[in-house]
Asks: 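This is the structure, below, for whatever I ask next.
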There are 2 protein chains.
Amino acid sequence: MDSRTKLMLAAIDRMAERGYKGVSTKEIAAAAGVSEMTLFRQFGSKMNLLEKAIERYHYAAEMTQVFEERLTWNLREDLLLIGRMYHETMDRNRKLFLIVLGDNELAGLREQAQKHPRKLLELLTGYFTEMRSRGKLIETDAEAQAIAFMWLHYGAFLSRLFAPSSITSLPFSEVMESSVELFARGLTP
Amino acid sequence: MDSRTKLMLAAIDRMAERGYKGVSTKEIAAAAGVSEMTLFRQFGSKMNLLEKAIERYHYAAEMTQVFEERLTWNLREDLLLIGRMYHETMDRNRKLFLIVLGDNELAGLREQAQKHPRKLLELLTGYFTEMRSRGKLIETDAEAQAIAFMWLHYGAFLSRLFAPSSITSLPFSEVMESSVELFARGLTP
DNA sequence: TTGGAATGTTAGTGATCACTAACTATCTTC
DNA sequence: GAAGATAGTTAGTGATCACTAACATTCCAA
């Protein structure tokens, strides 16, 4: 593993724990087992190190493919699949989310981190529209319901992100299944 | 307005914008129109200033009262009322949320900020249980559905908090009504 | 009018920060 | 084995940070 890699991984780890401002370049270098000079020689600045790290380690989910190939047009099955895909994507980018959400001056970098949710919203809206034209969904505002679905899962993700000790004792999967059931009953004719 | 008040308000404003670490005591004092010495004489430390500010300006919603007096036992009406109450509470505490969520070292202070969501979850679970015993709700896990409702609104709140320019063009109220409709259809026998 | 509390001013502490200069050591590669 | 790239070491820049000491001022209540 070369110096650049070690530095980027160390930066992500530390910044996810204590924030961009909360970690010094000296500490990142030490955690990477590398001299601080190497950090500046490779990246020029602390901010650039973070940018390059996000660029490289932002997990790029291929959601389009899932929507094209794995849907069954059974609302329950599909929503469960989509929900799982959402959380897998978000979990993989967990640390990056923590970093960019934790510092308002990093708002510019949020663009990248929120690319997938936006894409998913688009795909999900299309899915609901198609389901309605197949007569498997009630007449409703497809985009509004897609956003509701996204919000529910976004809230679930962030509540776990910010409060490791959950507000409830219920297992995550159980709430997830209840919510799928809710959408299925609520949107099926 | 005395010095303490001016300092606490200035601290909340600045910290909500640029984070706890992003604002200096000198800047807070200047924004309050007060000398930096006054800050330390009144609060002793930067952290204590924030703690006292949260203590004093955390909006304490009286949700129990709403649940006792304003419910109509019409699912649609009640969920709309509860959703509105949730967002009003969260909006009032918006800045405090931004501060404590933005800095992981402030995790201890999150307790206070998350008191209301926890209380609301409890009340909502009770409401769903009562509705079921009145035969107005399907057989379902009341707590799981309450959490789903909370997550949906938590996600809505945070997505507005972190991304002022929304991911969608739909007005907030419209999604809110769609989601109430979703719950009403999904949970009514 | 006077005493005391609150506030301001100024100058400073030592620590830490991001970042740099200058020089040396270790590699690989031809 | 020389060249060139990559790394480490050391020492430092100037800035900013939270926080303090010492002294001067303002202002209100008794």
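In what follows, chains carry the letters A, B, and so on, assigned in the order in which the sequence lines appear, proteins first and then strands, with residues in each chain numbered from 1. Quick note: numbers below take in every heavy atom, side chains included, and nothing from hydrogens, waters or symmetry partners.
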Asks: Under a criterion of less than 4.0 angstrom to any heavy atom of chain B, what are the 5'-terminal and 3'-terminal contacting nucleotides of DNA chain D?
Replies: D/dC17 to D/dA21
Asks: Pick the closest DNA chain C nucleotide for A/Val23 and for B/Lys26 by heavy atoms, then say which residue is nearer the 5' end.
Replies: B/Lys26
Asks: Can you check the A/Asp2 CG to C/dT26 C1' distance for me, whole Å?
Replies: 17 Å
Asks: Could you check how far CZ of B/Phe40 sits from P of C/dG8, rounded to whole Å?
Replies: 14 Å
Asks: Would you name the heavy atoms of B/Phe172 and B/Ala156 that are closest together and state the gap between them?
Replies: CE1-CB, 3.8 Å
Asks: Measure CD/B/Gln42 against C1'/C/dT7 and give the value in whole Å, please.
Replies: 9 Å
Asks: Quick check: on DNA chain D, is the nucleotide nearest B/Gly44 upstream (toward 5') of the one nearest A/Arg41, or the reverse? Name the residue that is more 5'.
Replies: A/Arg41
Asks: Ring of B/Tyr20, cation from B/Lys46 - is the NZ or CZ under 6.0 Å from the centre and inside 45° of the axis?
Replies: yes
Asks: What are the two closest non-hydrogen atoms of A/Gln145 and A/Phe128, and how far apart are they?
Replies: C-CE1, 3.7 Å
Asks: Mind calculating the distance between CG (B/Leu39) and C1' (C/dG8) to the nearest angstrom?
Replies: 14 Å
Asks: Quick one: does A/Asn104's side chain have a donor or acceptor within less than 3.5 Å of a partner on B/Arg18's backbone?
Replies: no
Asks: For A/Ser35, report the nucleic acid contact type (base, sugar-phosphate, nothing); a contact means any heavy atom under 4.0 Å.
Replies: base
Asks: Rounded to whole angstroms, how far apart are CE on A/Met37 and P on C/dA21?
Replies: 9 Å
Asks: Check whether A/Phe162 forms a cation-pi arrangement with B/Arg110 (NZ or CZ under 6.0 Å from the six-membered ring centre, at most 45° off the ring normal).
Replies: no
Asks: According to the interplanar angle, ranging from 0 to 90°, do the rings of A/His116 and A/Tyr59 count as parallel (below 30°), tilted (30 to 60°) or perpendicular (above 60°)?
Replies: perpendicular
